[in-house]
Amino acid sequence: MGGRRDAIVVKADGRTFVGPDNGLLSILWQRARRRKCFRIVWKPQRLTRSFHGRDLFAPVAAALAAKRLPKNWLKAKRAPDALLDARDLAQVIYVDHYGNCVTGIRAQTLARTAALCAGARVVRYARTFEAAHGAFWYENSLGLAEIALPRGSAARTLGLRVGYAIRIAR
């Protein structure tokens, strides 16, 4: 962390997160129905410039998990200072070593009848690799729409790479 940004705790829809106020927690903050934000005012005896995960965040997270957080460690804050755009990112954000292309689109926002347009190619939903006929999209383990090709590389076949724009055809 190191720097002037706050260290924060965000409570969002029954879950608690600890981290820097650098935008990391902003999307879950913006999408939560019930939310609270706190600035971590406690400082450990030894706080290095580059290991705040170990020196600051881990002790606060452990105290929260154990339900033994001293009352003077947190101070209420209206919202995180760094708020990033909470919309889905309609592009390829990661290509794995099989050539599957993870998008920044939450699969739950897509109807199973929606098609994803990757350049001139249109890929339709399939629940599994076995059910697919050619390139398809499915909901991956992160809940994101992922474009894949059974027994092949979707990235190579469709010419996709990180940053490639994906359109949603309803």
Side-chain angles (χ1 to χ4, degrees), residues 1-112 114 116 125 127-128 137-148 155 160-168 170:
M1 180 167 138
R4 295 180 187 226
R5 64 183 154 245
D6 284 341
I8 59 173
V9 172
V10 168
K11 294 187 177 197
D13 292 333
R15 295 190 174 132
T16 303
F17 303 87
V18 179
D21 192 351
N22 64 358
L24 180 68
L25 303 176
S26 70
I27 293 173
L28 66 92
W29 168 264
Q30 292 183 88
R31 291 181 180 169
R33 287 183 295 278
R34 293 174 290 114
R35 61 194 186 184
K36 291 182 180 180
C37 184
F38 303 89
R39 185 168 61 88
I40 300 171
V41 294
W42 170 79
K43 298 288 186 252
Q45 288 181 347
R46 182 168 182 259
L47 181 61
T48 60
R49 284 189 208 132
S50 58
F51 290 104
H52 286 187
R54 175 196 68 198
D55 299 341
L56 181 65
F57 301 137
V60 171
L64 284 163
K67 298 188 185 317
R68 293 186 177 185
L69 184 78
K71 293 191 185 299
N72 62 343
W73 280 24
L74 304 179
K75 182 179 178 187
K77 183 174 179 161
R78 188 182 59 76
D81 292 330
L83 293 173
L84 303 177
D85 190 344
R87 292 178 295 179
D88 286 1
L89 187 57
Q91 61 183 245
V92 174
I93 61 171
Y94 178 74
V95 177
D96 70 16
H97 65 278
Y98 295 108
N100 298 331
C101 301
V102 180
T103 72
I105 302 168
R106 290 173 293 155
Q108 70 180 14
T109 66
L110 299 172
R112 297 303 184 232
L116 298 181
Y125 172 80
R127 198 166 77 71
T128 64
W137 75 267
Y138 71 103
E139 181 175 354
N140 70 13
S141 62
L142 299 172
L144 297 172
E146 185 167 323
I147 299 170
L160 303 178
R161 64 189 180 291
V162 171
Y164 197 97
I166 303 296
R167 286 187 313 102
I168 302 168
R170 306 251 179 222

Would you name the heavy atoms of [X] and [Y] that are closest together and state the gap between them?
X: L28; Y: A12; result: CD1-CB, 3.6 Å
X: C37; Y: V10; result: SG-CG2, 4.3 Å
X: W137; Y: A107; result: CZ3-CB, 4.2 Å
X: D13; Y: A32; result: OD2-CA, 3.2 Å
X: G23; Y: L84; result: O-CD1, 3.6 Å
X: V95; Y: C101; result: CG2-SG, 4.1 Å

The criterion is side-chain contact (heavy atoms from CB on, under 4.5 Å); which residues satisfy it with [X], sequence neighbours excluded?
X: D81; answer: D6, D21, K77
X: V41; answer: R39, K75
X: L83; answer: S26, W29, Q30, P80
X: S141; answer: none

How would you list, by chain and number, every residue that makes a salt bridge (charged side-chain N to carboxylate O under 4.0 Å, His left out) with [X], sequence neighbours excluded?
X: R112; result: E139
X: R161; result: none
X: R87; result: D85

Margin query: Strictly by salt bridge (Lys or Arg N to Asp or Glu O under 4.0 Å), give each pair with a member in residues 24-38 just once, sequence neighbours left out.
Written below: R31-D88
Notebook entry, point to check: So which of L25, L64, L56 actually passes side chain to side chain contact (heavy atoms under 4.5 Å, CB included) with V18?
Noted result: L64
Note to self: Per the ring-ring contact (aromatic ring centres under 6.0 Å, His included) rule, what does the pair list look like for residues 64-103, sequence neighbours excluded?
What the structure shows: W42-W73
[atom1] of [X] to [atom2] of [Y]: how many Å apart, nearest 0.5 Å?
X: I8; Y: I40; atom1: CD1; atom2: CD1; result: 8.0 Å
X: L89; Y: L144; atom1: CG; atom2: CG; result: 10.0 Å
X: L110; Y: I168; atom1: CG; atom2: CD1; result: 5.0 Å

Margin query: Within the 4.5 Å heavy-atom criterion, are L69 and V9 side-chain neighbours or not?
Written below: no
Notebook entry, point to check: In chain order, what residues pass the side chain to side chain donor-acceptor pair (under 3.5 Å) check against E146, with sequence neighbours excluded?
Noted result: Y138, N140
Next item on the list: Under the side chain to side chain donor-acceptor pair (under 3.5 Å) rule, collect the residues that match up with N100, sequence neighbours excluded.
Entry: D96
